[in-house]
2 protein chains.
Amino acid sequence: MAEFTKGELEVMRILWVHGEMKPAGIQEKFPRRIKNSALRSYLTILLEKEHVSRRKVGKAYFYKPATHQESAFRHTLRSLLETFCGGTTEGLLVHLIKSEKLSEKELLELKRVADGGESSPKAEERRE
Amino acid sequence: MAEFTKGELEVMRILWVHGEMKPAGIQEKFPRRIKNSALRSYLTILLEKEHVSRRKVGKAYFYKPATHQESAFRHTLRSLLETFCGGTTEGLLVHLIKSEKLSEKELLELKRVADGGESSPKAEERRE
DNA sequence: GAAGAAGTGCAGTATATTCTGCATATAAGC
DNA sequence: GCTTATATGCAGAATATACTGCACTTCTTC
């Protein structure tokens, strides 16, 4: 069901932040102690699922994301919306506001952004 | 790690929406075909984890949520924020806007809400 | 009180996910 | 070429999650 398992996601997070790395490097950045071989079994699975790609440099492989963080985010958000917010982004916002996840400061900032007070990169090329 | 597994969450969603139910009822509402005994094994686990409670009526048990949808939402959102949005709600909003999850209409609605144009139930009783 | 319908308890199987150990390979230094 | 350090490949163990089957109980109807 889920796009990534817990362990796979831990690996992807590191690759999304740090870019191309070899297993030993990922291992260092890992959020908990993990054996090199355990980590590599995640990489093997991610490679099979084509969520990462790799290239050989010298004797080692360097891995990098093949799935963008953005699309993983969309996927995860979609599932969160369907479970808790009636499936809509608007529902999420209502939820956020009612549950006070948004502080007054954030609401103001939000208002500023909504008003167009910030450069919204893709604002022009709307519609997917 | 996760608060709920996939199957457990499917059960909780139904209980959050429909309130107190017995297994046969949950089974009917289930998003996919599932055997009564498989469903009940989820309920047993949820009972152990104290995410649901039950009371006997006649020969049957009626189950209801013991964990609020709201707190499960917070938990899930927290994990999403940490993975994708630098841990902040504000980061989520920027993400939403840049990724065009928010339509023009939603931005306007959002602005209206942010402006205080809607009755925001808990707006008064701020601070937890 | 026998029979059927609906419900429960639970031991155990199947699959997915996480992790281990070890044999082998590759590059660098001496 | 031999040694050491660093990598890799892979079979399979350990654990978590999902599911099955069946014996037994409770209520109802006749």
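Residue numbering restarts at 1 for every chain, and letters A, B, ... go by the order of the sequence lines. As the structure is a prediction and not an experimental result, all values here were calculated from the model.
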Throw together a table of side-chain donor-acceptor distances under 3.5 angstrom for residues 19-29 of chain A, partners on residues two or more places apart or in other chains.
unit_1  : atom_1 : unit_2  : atom_2 : d
A/Glu20 : OE1    : A/Arg55 : NE     : 3.2
A/Glu20 : OE1    : A/Arg55 : NH2    : 2.8
A/Glu20 : OE2    : A/Arg55 : NE     : 2.7
A/Gln27 : OE1    : A/Asn36 : ND2    : 3.1
A/Gln27 : NE2    : A/Ile34 : O      : 3.1

Handout entry: Full working for side-chain contact (heavy atoms from CB on, under 4.5 Å) between A/Gln69 and B/Thr83
Key = CA-CA 9 Å; A/Gln69 183 177 25; B/Thr83 302; 5.7 Å; no
Handout entry: Sole residue of B/Val11, B/Thr5, B/Leu9 in side-chain contact (heavy atoms from CB on, under 4.5 Å) with B/Leu46
Key =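 Of all the options given, the one that passes is B/Val11.
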Practice task
Mark yes or no for whether A/Trp16, through its side chain, and A/Glu70, through its backbone, hold a donor-acceptor pair below 3.5 Å.
Solution key: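 Pair absent, no side-chain N/O of A/Trp16 close to backbone of A/Glu70.
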Handout entry: Contact list for DNA chain D against residues 20-43 of chain B - heavy-atom distance below 4.0 Å
Key =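 Under 4.0 Å from DNA chain D: B/Arg32, B/Lys35, B/Ser37, B/Ala38, B/Ser41, B/Tyr42.
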Handout entry: DNA chain D-proximal residues of residues 50-68 of chain A, any heavy atom under 4.0 Å
Key =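 Nucleic-acid contacts, sorted: A/Arg54, A/Lys59, A/Ala60, A/Tyr61.
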Exercise for the section: Can you run down the ring pair (Phe, Tyr, Trp, His ring centres under 6.0 Å) pairs that involve residues 20-72 of chain A, sequence neighbours left out, and say none if there aren't any? Expected result: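 Passing the test, one end in residues 20-72 of chain A: A/Phe4-A/His51.
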Can you tell me how far [atom2] of [N] sits from [atom1] of [X], to the nearest Å?
{"X": "B/Ile45", "N": "D/dT15", "atom1": "CD1", "atom2": "C1'", "value": "14 Å"}
{"X": "A/Leu9", "N": "C/dT18", "atom1": "CG", "atom2": "C1'", "value": "15 Å"}
{"X": "A/Glu8", "N": "C/dT17", "atom1": "CD", "atom2": "C1'", "value": "8 Å"}
{"X": "A/Lys6", "N": "D/dA16", "atom1": "NZ", "atom2": "P", "value": "11 Å"}

Let me confirm one number: the [atom1]-[atom2] distance from [X] to [Y], rounded to the nearest 0.5 Å.
{"X": "B/Arg13", "Y": "B/Leu15", "atom1": "CZ", "atom2": "CG", "value": "12.0 Å"}
{"X": "B/Arg74", "Y": "B/Leu81", "atom1": "CZ", "atom2": "CG", "value": "12.5 Å"}
{"X": "A/Met12", "Y": "A/Glu3", "atom1": "CE", "atom2": "CD", "value": "8.5 Å"}
{"X": "A/Thr44", "Y": "A/Lys49", "atom1": "OG1", "atom2": "NZ", "value": "12.5 Å"}

Practice task
Mind grabbing the angle between the end helix axes of the helix from C/dG1-D/dC30 to C/dC30-D/dG1? Five pairs an end, 10° rounding.
Solution key: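 Rounded to the nearest 10 degrees, the bend comes out at 10°.
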Practice task
Go through the structure and list residues passing side-chain contact (heavy atoms from CB on, under 4.5 Å) with A/Thr76, not counting sequence neighbours.
Solution key: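 A/Thr76 satisfies side-chain contact (heavy atoms from CB on, under 4.5 Å) with B/Leu80, B/Phe84 once adjacent residues are dropped.
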Handout entry: side-chain N/O B/Thr5 vs D/dA18 OP1/OP2, d < 4.0 Å
Key =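 The answer is yes; a side-chain N or O of B/Thr5 sits under 4.0 Å from OP1 or OP2.
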Handout entry: Whether over 12 other heavy atoms sit under 6.0 Å from B/Lys64 NZ
Key =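 Atom NZ in B/Lys64 is not packed in, count stays at 12 or less.
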